[in-house]
Structure formats: structure tokens, C-alpha cells
Amino acid sequence: MGARRLTLLRHGSAESPDLWAEDFERPLTKDGIAEVREMARRLQQRNWLPDLILASPAERAWSSAQILAQVFEFDERQVRCERELYLAGADIIWQVIARQPATLCHLLVCGHNPGLSALASRFGLKPRSHELPTAGLALTQWPDTPWEALSPRSALRCEYDDPENPTSS
């Protein structure tokens, strides 16, 4: 079956919380939409298309996931809303990941900071702190092992990218 891949993608730039009564409803800005499209394009260029996208139900994260799905030409079965991902911490995000079926080789989780950055900072034998900017991503890989048997520290490698990084264009 090959390696397991996990991509963590922070949602694109969203409207200011001061403008919205409910944090949950904050939409992406025009820049946020462009950021997510750029990251989708980069993932597509590298042939790093996930089998499944799991997203927080918050408007900014769900919209980001929908943009990815549109660029990847996914059908509705390849994008799923996970309530637990809304403002989830690293441990909750990892629990969602660990319960994925063994048939899934590449999972993309679209959500929020600080949880995504905290989880990305745990990857590998020598983890390092990493703050994902809006639409920033961390991609990591393990040998072919069931999701529930993996741990962040057992990741073989981790790559980071974000829309402001010109070397990835």
C-alpha cells in the first residue's frame, strides 16, 4: 500500500473576529481564498493529493476544504466535516486522525491554530516548534502502518509550506 501521508492545512485568512458576532461564522477574505487556491495548486503540482479531506465545520475551514476539493476535482465523498476539529487542540486532532481506516493512505486535515501548529510541532524524532500561518501546511509521512498505530514522533519526515514562501511556487 505504501507510505501514510498526513497534511495539516490551516484555513485561509478570515474576516476579523471584531466584525462577526460568532467566531464560527467568520468567512474567508479574498486573500484567504487566493491563499488556499495557491496551496491547492502546489499540492496538485507535487502530486500530493489526499484520499480524504477532513475539515472543521467553521465557515473559514469548511470553505477552505471546499476550495481544495474544487481544485482537486473531488466529489462530495472525499470531503467530510468533523465537528471535533473546531478549535481542537493537538490531542483531539490526533484522535480524529488515529481513527481513520487503514484503506486511507493520505489524509488532509483542515482546521485551526493553535491546535494544528501544536501537532505539527510534534512530528519526527527531533520535533521543532512551528507556527503555521494562514493557509500554511505541514506534510508528514510514515511507513505503511495503520493510523491507530502511528504517533507524531514516529513520522519519517515533515515538510512545511505556506503561500508566502516564494521557493515553493
Report the hydrophobic cluster partners of Val71, with the cluster defined as I, L, V, M, F, W, Y residues connected by side-chain heavy atoms closer than 4.5 angstrom, directly or transitively.
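For the cluster that includes Val71, the remaining residues are Leu9, Leu28, Ile33, Val36, Met39, Leu43, Trp48, Leu49, Ile53, Trp62, Ile67, Leu68, Phe72, Phe74, Val79, Leu108, Leu137, Leu139.
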Report the hydrophobic cluster partners of Ile92, with the cluster defined as I, L, V, M, F, W, Y residues connected by side-chain heavy atoms closer than 4.5 angstrom, directly or transitively.
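So far as hydrophobic clustering goes, Ile92 is joined with none.
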Identify, with sequence neighbours excluded, every residue that meets side chain to side chain contact (heavy atoms under 4.5 Å, CB included) alongside [X].
{"X": "Arg83", "answer": "Phe24, Pro57"}
{"X": "Thr134", "answer": "Arg10, Ser13, Glu35"}
{"X": "Glu59", "answer": "Pro27, Ser63"}
{"X": "Pro17", "answer": "Arg26"}

Do Arg41 and Arg37 have side chains that get closer than 4.5 Å, going by heavy atoms?
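Not touching, per the 4.5 Å side-chain cut-off.
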Can you tell me how far the [atom1] atom of [X] sits from the [atom2] atom of [Y], to the nearest 0.5 Å?
{"X": "Arg153", "Y": "Lys126", "atom1": "CZ", "atom2": "NZ", "answer": "11.0 Å"}
{"X": "Arg42", "Y": "Asp161", "atom1": "CZ", "atom2": "CG", "answer": "4.5 Å"}
{"X": "Leu107", "Y": "Thr7", "atom1": "CG", "atom2": "OG1", "answer": "8.0 Å"}
{"X": "Trp147", "Y": "Cys105", "atom1": "CH2", "atom2": "SG", "answer": "8.0 Å"}
{"X": "Gln66", "Y": "Gln70", "atom1": "CD", "atom2": "CD", "answer": "9.0 Å"}

Which residue pairs pass the side-chain hydrogen bond (donor to acceptor under 3.5 Å, both in side chains) test with at least one member in residues 84-95, sequence neighbours excluded?
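Qualifying pairs: Asp23-Tyr86, Glu84-Arg99, Asp91-Arg122.
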Could you walk me through whether Leu156 and Phe123 pass side chain to side chain contact (heavy atoms under 4.5 Å, CB included), step by step?
CA-CA 8 Å; Leu156 299 176; Phe123 292 140; over 6 Å; no
Could you tell me whether a side-chain N or O of [X] sits under 3.5 Å from a main-chain N or O of [Y], the two making a donor and an acceptor?
{"X": "Trp142", "Y": "Leu6", "result": "no"}
{"X": "Gln100", "Y": "Val96", "result": "yes"}
{"X": "Asp51", "Y": "Leu104", "result": "no"}

Contacts of type side-chain hydrogen bond (donor to acceptor under 3.5 Å, both in side chains), residue Arg128, not counting sequence neighbours:
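For Arg128, no residue satisfies side-chain hydrogen bond (donor to acceptor under 3.5 Å, both in side chains) once neighbours in sequence are set aside.
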Set of residues satisfying side-chain hydrogen bond (donor to acceptor under 3.5 Å, both in side chains) with respect to His130, sequence neighbours excluded:
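Counting only residues at least two positions away or on another chain, His130 forms no side-chain hydrogen bond (donor to acceptor under 3.5 Å, both in side chains).
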Minimum heavy-atom separation for Ser64 to Gly12, with atom names?
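The pair with the smallest heavy-atom distance is OG-N, 3.2 Å.
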Of the non-hydrogen atoms in Ser121 and Pro127, which two are nearest, and what is the gap between them?
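Reported closest heavy-atom pair: O-CB, 3.0 Å.
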Testing Glu15, Glu25, His11 one by one against Arg60 for a side-chain hydrogen bond (donor to acceptor under 3.5 Å, both in side chains), which residue passes?
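That would be His11.
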Salt bridge (charged side-chain N to carboxylate O under 4.0 Å, His left out) partners for Arg80, two or more places apart
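Testing Arg80 for salt bridge (charged side-chain N to carboxylate O under 4.0 Å, His left out), a comparison that skips the adjacent residues, returns Glu82.
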With sequence neighbours excluded, tell me which residues meet salt bridge (charged side-chain N to carboxylate O under 4.0 Å, His left out) with Asp18.
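Salt bridge (charged side-chain N to carboxylate O under 4.0 Å, His left out) check on Asp18 returns nothing, list empty.
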Side-chain atoms of residues 109-119: list all donor-acceptor pairs with protein atoms under 3.5 Å, sequence neighbours left out, distances to 0.1 Å.
residue : atom : partner : partner atom : Å
His112  : NE2  : Ser56   : OG           : 2.7
Asn113  : OD1  : Ser117  : N            : 3.1
Asn113  : OD1  : Ser117  : OG           : 2.7
Asn113  : ND2  : Ser117  : OG           : 3.1
Asn113  : ND2  : Glu131  : OE2          : 3.2
Asn113  : ND2  : Leu132  : O            : 2.8
Ser117  : OG   : Leu132  : N            : 2.7

Single-linkage hydrophobic cluster, 4.5 Å side-chain cutoff, Ile93 and Leu150 together:
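Same cluster.
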